[in-house]
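The structure appears below as structure tokens.
Start at 1 and go down the list; that is how both ligands and their atoms are numbered.
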Amino acid sequence: MENHPIGIFDSGVGGTSIWKEINALLPHEHTVYLADSKNAPYGEKSKEEIVALSIKNTEFLLQEGCKLIVVACNTATTNAIDYLRARYKVPFIGIEPAIKPAALQSESKKVGILATKGTLSSMLFHSTSENHANGIEIIEQVGTGLVPLIESGKVDSPETRALLEKYVNPMIAAGIDYLVLGCTHYPYLLPVLKTLLPAHVKIIDSGEAVARQTKAVLVRHDLLTTSKENGTHRFITNANVKILENFLKEYKDSLELHYQDF
Ligand code: DGL
């Protein structure tokens with residue numbers, strides 16, 4: 001089993017930001033990445049719909065023989081990971097907004113979080129932010145419209161910039177010193193965000209932590225690959241291959257990328 005691939009899924013291209021962290025830390029692991037772009041954004045769907053889509057993606061990755069599944073989507077993690085863990089034996093790694101490190105390090109005691117409606121309204125997010133927000137004001141902002149723009153490749157369009165400005169300006173006015181990116185699509189907005197935020201505001205996400213956790217769980221289950229070669233990587237999308245390819249251009253010679261309806 002240890003030389004089977006790691007499965008990774010997201011509602012689309014966003015989870016590639018997590019794939020990059022995993023590949024950097026675990027270059028010998030094989031991976032299969034599923035981009036369910038046809039059904040994006042998950043963040044606007046009901047919990048029942050998010051659970052059903054997460055089950056569909058998991059079944060697909062299990063058919064591919066995956067030894068561990070990374071839910072590279074905050075919305076799917078916060079709404080569906082408990083169901084997945086109860087239903088399947090394979091280990092699951094999830095991603096949640098990095099409220100804890102931001103709350104621990106904030107000096108202004110004000111932390112902004114940008115995430116989907118599905119994540120911010122979930123029970124899991126609420127229990128995490130209550131546990132870590134002792135004395136910290138958390139300013140929540142739903143990133144309505146951002147995922148569809150990123151899914152259509154418009155990471156730096158005037159429309160994206162205007163939306164982001166509308167979302168971060170009230171947080172800046174409120175005095176945040178940390179902005180948590182609670183959606184795996186949003187790291188692609190970093191270049192624009194950096195031009196909108198004052199220099200002292202730090203932006204954090206959970207990508208590296210997810211890669212470290214993936215490694216720790218593989219070690220614990222005796223599932224680290226024994227291969228010394230670079231891993232092989234298959235990316236499957238049920239929408240536009242070209243757009244997914246664009247998010248992976250620096251890796252294009254080492255991946256297999258194709259369209260499949262699922
Ligand atoms: N990338 C996702 C997340 O981390 C979901 C975006 C969406 O489909 O709404 O939340």
Side-chain angles (χ1 to χ4, degrees), residues 7-22 33-58 61 69-84 92-99 112-126 128-129 140-155 160 163-164 167 179-190 193 203-211 213-214 235-240 243-244 246-248 262:
I8 304 171
F9 77 81
D10 179 40
S11 62
V13 299
T16 56
S17 63
I18 305 302
W19 176 86
K20 289 174 188 175
E21 300 284 359
I22 292 174
Y33 181 98
L34 211 52
D36 191 15
S37 295
K38 186 175 81 177
N39 292 302
Y42 281 13
E44 300 292 315
K45 296 191 189 306
S46 68
K47 182 178 176 74
E48 290 68 31
E49 286 173 301
I50 298 166
V51 169
L53 291 166
S54 300
I55 288 174
K56 173 196 68 138
N57 297 335
T58 299
L61 291 169
I69 293 178
V70 179
V71 182
C73 174
N74 293 261
T75 312
T77 299
T78 51
N79 285 278
I81 203 157
D82 293 347
Y83 292 83
L84 300 176
F92 285 90
I93 308 294
I95 178 161
E96 282 184 70
I99 291 289
I113 167 157
L114 190 60
T116 69
K117 185 166 139 213
T119 295
L120 293 177
S121 61
S122 69
M123 295 279 288
L124 190 56
F125 171 73
H126 278 284
T128 310
S129 61
E140 298 179 16
Q141 175 63 55
V142 175
T144 309
L146 292 173
V147 167
L149 284 166
I150 298 164
E151 282 292 317
S152 53
K154 295 181 187 160
V155 287
T160 308
L163 256 189
L164 276 175
Y167 294 155
L179 173 65
V180 177
L181 301 184
C183 171
T184 56
H185 282 70
Y186 299 169
Y188 289 113
L189 301 173
L190 270 172
L193 274 170
I203 308 171
I204 58 171
D205 66 62
S206 316
E208 260 185 72
V210 168
Q213 178 68 358
T214 303
F235 284 76
I236 302 153
T237 174
N238 53 19
N240 190 331
I243 287 186
L244 180 59
N246 244 330
F247 284 92
L248 294 161
F262 61 87

In F9, Y33, F247, the residue satisfying ring-ring contact (aromatic ring centres under 6.0 Å, His included) with F235 is Y33
Please enumerate all residues that pass side chain to side chain donor-acceptor pair (under 3.5 Å) together with T119, with sequence neighbours excluded. T75, T116
Please indicate whether Y83 has more than 12 foreign heavy atoms, meaning atoms of other residues, nucleotides or ligands, lying under 6.0 Å from its OH. no
Applying side chain to side chain contact (heavy atoms under 4.5 Å, CB included), name anything that partners P41, two or more places apart in sequence or on another chain. E44, V147, P148
Non-neighbouring partners of A98 that pass side chain to side chain contact (heavy atoms under 4.5 Å, CB included), sequence neighbours left out: P101, V180, I204, S206
Testing D10, N57, I18 for side chain to side chain contact (heavy atoms under 4.5 Å, CB included) with C73, which one passes? D10
Does ligand 1 have any N/O pairs with the protein under 3.5 Å, and how far apart?
| unit_1 | atom_1 | unit_2 | atom_2 | d |
| --- | --- | --- | --- | --- |
| ligand 1 | 1 (N) | D10 | OD1 | 3.0 |
| ligand 1 | 1 (N) | T184 | OG1 | 2.9 |
| ligand 1 | 1 (N) | H185 | ND1 | 2.7 |
| ligand 1 | 4 (O) | N74 | N | 2.8 |
| ligand 1 | 4 (O) | N74 | ND2 | 3.1 |
| ligand 1 | 4 (O) | T184 | N | 2.8 |
| ligand 1 | 4 (O) | T184 | OG1 | 3.3 |
| ligand 1 | 8 (O) | S11 | OG | 2.6 |
| ligand 1 | 8 (O) | Y42 | N | 2.6 |
| ligand 1 | 9 (O) | Y42 | N | 3.2 |
| ligand 1 | 9 (O) | G43 | N | 2.8 |
| ligand 1 | 10 (O) | N74 | N | 3.4 |
| ligand 1 | 10 (O) | T75 | N | 3.1 |
| ligand 1 | 10 (O) | T75 | OG1 | 2.6 |

